[in-house]
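A quick write-up on the structure given underneath.
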Amino acid sequence: MRTATLALLASFTLGVIAPAQGADLDYGVLRGSDYEPEIQLIDWNGIYVGGHGGYTSASAGFKNVYTPLILNELRDSSAESLLGASTLLPSRTGTTEGSSYGAYIGFNYQFEETVIGIEADYTRFDRTTSARDSIARFKLSPDGYMESVSLDGAATSRVEDYGTLRARGGYAIGNFLPYITGGLAIGRVHVDQSVAIQYHGYDAAAYKANQALQVGAKAVAVKDFGYVNGGFDPNNPEAGIPATRRVRNAKTKTMGGFVLGAGLEFALTSNILLRAEYQYVMLNDFQESAANRVAINTVRAGAAVKF
């Protein structure tokens with residue numbers, strides 16, 4: 001009887017324990033809902049076309065822009081040999097800023113996480129930088145003439161538009177593509193430089209001689225040049241009205257240079273790409289006699305469709 005009871009108890013215990021252990025087994029491999037879905041990878045390969053808009057600041061240098069204008073006008077005068085007129089006006093820098101907009105097109109090639117490509121863009125800016133300078137000098141010449149030269153210069157550079165052709169290189173991180181870029185730039189810049197010149201003088205020796213004459217003595221003629229008709233008073237030369245002549249150079253130049261930049265692109269979908277970008281463009285006319293240089297800084301956003 002005792003043996004039968006023990007056997008019954010053992011059978012009961014095994015019957016209880018076995019289902020409980022079975023319930024503890026993890027068959028999670030059969031439960032797909034506990035696993036995260038596979039992340040979709042962005043394919044950056046292909047051609048894309050988009051538009052951009054942003055904020056641009058530009059600075060233009062006007063190194064030596066007045067020199068050829070003044071030199072051409074006063075080359076054979078003592079204003080140049082005695083006073084060095086063509087070297088008097090200083091060179092300054094003008095700045096401007098405002099909105100810009102344009103379009104771009106490019107092609108990406110991806111291998112693993114690395115993305116390289118080429119891109120061309122066009123930007124419309126149409127803003128003007130300007131600088132103005134004036135100076136006056138006088139000196140007694142060896143032949144006794146008091147000679148004076150006054151210069152008033154104005155220079156402007158209007159950046160109409162520019163384009164770039166650049167290489168790009170980036171590293172894909174999910175939907176993000178940080179990148180750097182660099183290449184060549186070309187732009188149209190309308191330059192306008194002008195100088196108002198007053199160059200005049202009078203025979204200071206004759207004037208001083210007349211001032212020393214006794215009352216009733218005959219005065220000698222005081223020769224003069226560079227005054228308006230009837231604008232010179234031999235008894236008061238300082239009150240004379242000098243004539244003004246203006247020389248000017250205005251034209252639209254095509255300037256070349258380089259571009260550097262960096263940006264971050266975000267794939268909103270596999271075909272819609274958003275970006276934020278910074279660009280630095282340097283344009284130069286490569287002429288030493290009128291070395292206009294324009295530096296352009298742009299922060300912009302863009303959106304493109306990839307095909």
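Throughout, residue positions are numbered sequentially from 1 according to the sequence presented.
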Which is it for Glu119 and Arg275 under the salt bridge (Lys or Arg N to Asp or Glu O under 4.0 Å) test, yes or no, and what are the steps along the way? CA-CA 14 Å; Glu119 183 173 296; Arg275 69 165 56 174; 2.8 Å; yes
Is the charged tip of Arg124 near the ring of Tyr101: under 6.0 Å from the six-membered ring centre and within 45° of its axis? no
Worked check of ring-ring contact (aromatic ring centres under 6.0 Å, His included) between Phe225 and Phe232: CA-CA 9 Å; Phe225 66 90; Phe232 178 74; 9.8 Å; no
Going through the distances and angles, do Thr56 and Ile296 end up as a side-chain contact (heavy atoms from CB on, under 4.5 Å)? CA-CA 7 Å; Thr56 296; Ile296 304 170; 3.4 Å; yes
Aromatic Phe125 / basic Arg158 pairing, under 6.0 angstrom, 45° off normal: no
Test your reading of the model: is there a side-chain donor-acceptor pair from Gln211 to the backbone of Leu213, 3.5 Å cut-off? no
Please verify the inter-ring angle class for Tyr207 with Tyr202; under 30° counts as parallel, over 60° as perpendicular, anything in between as tilted. perpendicular
For Thr181 and Ala262, the nearest pair of non-hydrogen atoms, with its separation, is CG2-N, 4.2 Å
Under-4.0 Å salt bridge between Lys251 and Asp192: no
Stepwise, does the side chain to side chain donor-acceptor pair (under 3.5 Å) test hold for Gln198 with Thr244? CA-CA 5 Å; Gln198 292 180 341; Thr244 301; 2.8 Å; yes
Check this for me, if you would: do Arg168 and Glu265 make a salt bridge, where the nitrogen-to-carboxylate-oxygen distance has to be below 4.0 angstrom? yes
Just so I know, are the side chains of Asn297 and Tyr278 near enough to count as touching, which here means a heavy-atom distance under 4.5 Å? yes
